Participant: 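The structure's right below; bear with me while I get my questions together.
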Protein chains: 2
Amino acid sequence: MGHKKKTTIKDIANVLGITPSAVSKALNNHPRISKQTKEAVIQVAANLNYQPNHLASALRKGKSNLVGVIIPKANSHFFSSIIEKIEDILNAKGYNVIIAQSNESYKKECRTIDALLFTQVDGIIASMANETVKLDYYNKIKAKGIPLILFDRGENDLNVDYVGIDDYMSSHIVIEHLVEQGCKRIAHIGGFSHTRIYKNRIRGYIDALKKHNLPFEDSLIYECNLRKNDGREVMKKILDLPNRPDGVYISGDYAALGALEVMKEQNIKVPEDIALVGFSNEPFSAIATPGISSVEQHSEKIGELAANTFLRRIANPEEEVTLNKMILNPELIVRASSLRKSKGHLTK
Amino acid sequence: MGHKKKTTIKDIANVLGITPSAVSKALNNHPRISKQTKEAVIQVAANLNYQPNHLASALRKGKSNLVGVIIPKANSHFFSSIIEKIEDILNAKGYNVIIAQSNESYKKECRTIDALLFTQVDGIIASMANETVKLDYYNKIKAKGIPLILFDRGENDLNVDYVGIDDYMSSHIVIEHLVEQGCKRIAHIGGFSHTRIYKNRIRGYIDALKKHNLPFEDSLIYECNLRKNDGREVMKKILDLPNRPDGVYISGDYAALGALEVMKEQNIKVPEDIALVGFSNEPFSAIATPGISSVEQHSEKIGELAANTFLRRIANPEEEVTLNKMILNPELIVRASSLRKSKGHLTK
DNA sequence: TATATTTGTTCAAACGTTGGAACAAAAGTA
DNA sequence: TACTTTTGTTCCAACGTTTGAACAAATATA
């Protein structure tokens, strides 16, 4: 059971007494190759268990059929379902998808980009790390001339394709809902405002408050990494305020979970004392007690648009790329954590 | 801003008036190349913004420096932290990691394996889909002669490296704990027993029951996919039993969450009426109300062992591969869902 | 001084596939 | 019959890098 060397088109050619080039053409269904040679080649290829050498053809064709996908962290439903969709669509078109996590670290993200470029990917679909402020590495991708598609966490300044939801509007919908539920003083725990999506959510939050003549104070706005523990820490600070809010809107479900935990520990009734709304609609949000209201971002749709946009760019390499934003509408999923009114009769 | 063609070692060679081969050797720090040529080459390479063509070198060297990692689903802390560790270790050694999800589907898994082999990966690290019973595609990997390392969901019959925890012992620890907490009748919701790890957990559960002279009945054992909804459905069945158990041990936290949900809906007190223990120690388990006791699997350690085993195999290609099981000890994290005794004074 | 060794480089082939040009044979057109 | 077109294939160079062999020059050894 020694290491059998792989069969190549040359081997097939030898068996049939034709040239490798004819074999290649037969396998690629070249119009000038006769039907019978094609059949014979396919037959022999199967017999010899021929596996095409992707490296060789990629080198020759200058195209690797590999697409890199960069996400901050795979362990959320949001990102993993986007990836699933992207894989589905691109696999069907003969592409393989390389997934890499940045772990929200700028440094890791840079290394990842270098690795992907090194691997000669045909394009990159990415959601930026929270930490990322400098765009140098993303510009490096652009400079390479391969398609770059951003989703969720993007940057206008890069002037590339972008798929995401309307963050500004999300905040409006959330605040609208909280006001309806009787909240008069609403805090916001957001991501860092240097990230566009979080900035927009903060802007939306502020504008919505203004619209309803609600107080907008610095002590009610916090920026953090939105991990569970960040939610805990910030919520503690909020609960220490002399003038506690009666509603909290948090830009991520993990952080919302942490915040909920703290509130429970301090025997604060949710939603009666403080109503809570999260973001992303992670599966656990439905499960928490009380269920956490959350903004659904239509992740499959995002993945679908991102993948198809990549395919379009590949198909039309000449087309000039400029900022091309595809914005989806958010949807608020209301659960017990923010449902105060009509409690007895509307909720099952 | 036309498509600048990439610089190759040939360009560097031209600038310096030496041959491409000298350039290649200089870049690879060949001992026979003089210090000054090396420095000059590195300098010029930087000036021309040279990026080595990975495809060409991979083709020539017969080595892609790509490693495929197959997981059932990225959206769990368990898998995503394993991947993180694998990436860390392999990146440091110059490998790039291709992650692919099987979504627990045998068909998708097969396609994924084909895609990875097609991409000429240097090895595959995989956790098998729940559905997978036939091993033909995994044998295909073995036949290729590249390292195959399994983790978590493995198969003895494949006779390859395996990293996982001691599932049989896990069940013993869980049952031991539940018995200590006064449970007399313990049900088990497991994964499908054709998967080795679930079979072992079931075996462990049965043997542990016997050890404690507890009733072991068919109506107390269930097999399912362990998704949240599976947990719900099975738990409903269990609650419909004429003779309800007073403890439930579930082989996955998602399913445990679903079961907990159902119990809450039916106003069953956890842990007083029914104590609950899950598996995997997902972050949300700590957050659920009550917190779900769960078995910690030391995912980082698993990732570390898997990656290092791959590196060892690559380093010693001649070494005969036989079944090589690396088994870690599980650890039960006890939380409120199963803590009945010493409630008042031990729990904070 | 003659010979052996070391040092620094070039040469040439190879990795496996592809695709345009060239070419012979077969078929179609005048 | 002579000429053009079509069909099926071969030829060959290319993709960018690597690597062992070859070789000349410089250095060391006798």
Side-chain angles (χ1 to χ4, degrees), chain A residues 3-42 44-45 48-66 94 117-122 144-145, chain B residues 3-42 44-45 48-66 94 117-122 144-145:
Chain A
H3 268 220
K4 54 192 92 167
K5 58 194 78 72
K6 310 164 197 169
T7 47
T8 70
I9 51 171
K10 216 168 168 177
D11 300 320
I12 302 176
N14 285 340
V15 170
L16 292 168
I18 57 178
T19 59
S21 143
V23 174
S24 169
K25 288 184 171 113
L27 290 172
N28 289 303
N29 202 24
H30 188 108
R32 291 281 268 279
I33 296 290
S34 72
K35 204 176 168 187
Q36 44 179 352
T37 354
K38 278 179 189 167
E39 278 165 2
V41 165
I42 288 165
V44 174
L48 297 184
N49 190 28
Y50 168 72
Q51 301 278 133
N53 185 326
H54 164 251
L55 257 24
S57 93
L59 172 61
R60 177 62 229 251
K61 300 205 280 199
K63 191 161 182 309
S64 68
N65 273 50
L66 251 32
L117 293 180
F118 178 68
T119 314
Q120 317 276 127
V121 291
D122 290 341
K144 270 264 174 184
Chain B
H3 267 223
K4 54 193 93 169
K5 59 195 79 70
K6 310 164 197 170
T7 48
T8 71
I9 51 171
K10 219 168 166 176
D11 300 320
I12 301 177
N14 285 339
V15 170
L16 291 167
I18 55 178
T19 59
S21 135
V23 174
S24 169
K25 285 180 172 126
L27 290 172
N28 290 303
N29 202 24
H30 187 108
R32 292 282 268 280
I33 296 289
S34 71
K35 205 176 169 189
Q36 44 179 351
T37 355
K38 277 179 190 166
E39 279 165 2
V41 165
I42 289 167
V44 175
L48 297 183
N49 190 28
Y50 169 71
Q51 301 279 134
N53 185 326
H54 164 252
L55 257 24
S57 91
L59 172 61
R60 177 59 229 250
K61 299 206 279 200
K63 193 164 180 307
S64 68
N65 274 50
L66 253 31
L117 293 180
F118 177 68
T119 314
Q120 315 276 126
V121 291
D122 290 341
K144 270 265 172 181

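Source: prediction; values computed, not measured. Numbered from 1 within each chain, the chains take letters A, B, ... in sequence-line order.
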Participant: State, with a plain yes or no, whether a side-chain heavy atom of B:Lys144 is found less than 4.5 Å away from one of B:Leu117.
Facilitator: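 Yes; the side chains approach each other to less than 4.5 Å.
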
Participant: Within this structure, what is the CG-to-C1' distance between A:Leu55 and C:dT17, rounded to whole angstrom?
Facilitator: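 To the nearest whole Å, that distance equals 11 Å.
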
Participant: Of the non-hydrogen atoms in B:Ala13 and B:Pro20, which two are nearest, and what is the gap between them?
Facilitator: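 That would be CB-N, 3.5 Å.
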
Participant: Starting at atom CD of A:Gln120, determine the distance to atom P of D:dG16, rounded to an integer number of angstrom.
Facilitator: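 It is 10 Å, rounded to the nearest whole Å.
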
Participant: Nearest of D:dG16, C:dT17, D:dT19 to any side-chain atom of B:Lys61?
Facilitator: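 Of D:dG16, C:dT17, D:dT19, D:dT19 is nearest to the side chain of B:Lys61.
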
Participant: Just how far, in rounded Å, is P of D:dT17 from CG of B:Asp11?
Facilitator: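 About 9 Å, once rounded to whole Å.
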
Participant: Taking protein heavy atoms under 4.0 Å as touching, what does nucleotides 24-29 of chain D look like 5' to 3' if B marks base contact, S marks sugar-phosphate-only contact and - marks none?
Facilitator: ------

Participant: Rounded to the nearest 0.5 Å, what separation is found between the CG atom of A:Leu27 and the OG atom of A:Ser57?
Facilitator: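 So the gap between those two atoms works out to 11.5 Å.
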
Participant: Is there a side-chain contact between B:Gln120 and B:Leu66 in this structure, where contact means two heavy atoms from C-beta onward sitting under 4.5 Å apart?
Facilitator: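 Counting from C-beta outward, B:Gln120 and B:Leu66 never come under 4.5 Å.
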
Participant: Do B:Asn53 and A:Leu59 make a side-chain contact, defined as non-hydrogen atoms from C-beta onward lying under 4.5 Å apart?
Facilitator: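 Yes - at least one pair of side-chain heavy atoms lies under 4.5 Å apart.
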
Participant: Would you say the side chain of A:Tyr50 lies within less than 4.5 Å of the side chain of A:Ile9, judging by non-hydrogen atoms?
Facilitator: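 Counting from C-beta outward, A:Ile9 and A:Tyr50 do come under 4.5 Å.
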
Participant: At under 4.0 Å between heavy atoms, what does B:Thr8 touch on the DNA or RNA strands: base, sugar-phosphate, or nothing?
Facilitator: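 Sugar-phosphate, no base atom in range.
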
Participant: Report the distance from atom CD1 of B:Ile9 to atom C1' of C:dT10, rounded to the nearest whole Å.
Facilitator: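 That distance rounds to 13 Å.
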
Participant: State, yes or no, whether a side-chain contact exists between B:Ile18 and B:Val41 at a heavy-atom distance under 4.5 Å.
Facilitator: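 Result yes, sub-4.5 Å side-chain heavy-atom pair found.
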
Participant: Could you tell me the separation between the CZ atom of A:Phe118 and the P atom of D:dT17, rounded to a whole number of Å?
Facilitator: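 For the pair A:Phe118 CZ and D:dT17 P, the rounded distance is 10 Å.
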
Participant: With a non-hydrogen cut-off below 4.0 angstrom, is A:Ser21 in contact with a base, only sugar-phosphate, or nothing?
Facilitator: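 Base, at least one base atom sits under 4.0 Å.
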
Participant: What is the distance, rounded to the nearest whole Å, between atom NE2 of A:His54 and atom P of C:dG16?
Facilitator: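 Between P of C:dG16 and NE2 of A:His54: 15 Å.
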
Participant: Counting heavy atoms not belonging to B:Lys10, are there more than 12 under 6.0 Å from its NZ?
Facilitator: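 No, not enclosed.
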
Participant: Could you write nucleotides 4-9 of chain D as a row of B, S and -, 5' to 3', where a protein heavy atom under 4.0 Å of any base atom gives B, of only sugar-phosphate atoms gives S, and otherwise -?
Facilitator: ---BBB

Participant: Of the non-hydrogen atoms in B:Leu55 and A:Thr119, which two are nearest, and what is the gap between them?
Facilitator: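 So the minimum-distance heavy-atom pair works out to CD1-O, 4.3 Å.
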
Participant: Whole-Å distance between C:dT10 C1' and B:Leu16 CG?
Facilitator: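 Value for this atom pair: 15 Å.
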
Participant: Once you round it to whole Å, what is the distance between P of C:dA12 and NZ of B:Lys10?
Facilitator: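 Value for this atom pair: 14 Å.
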
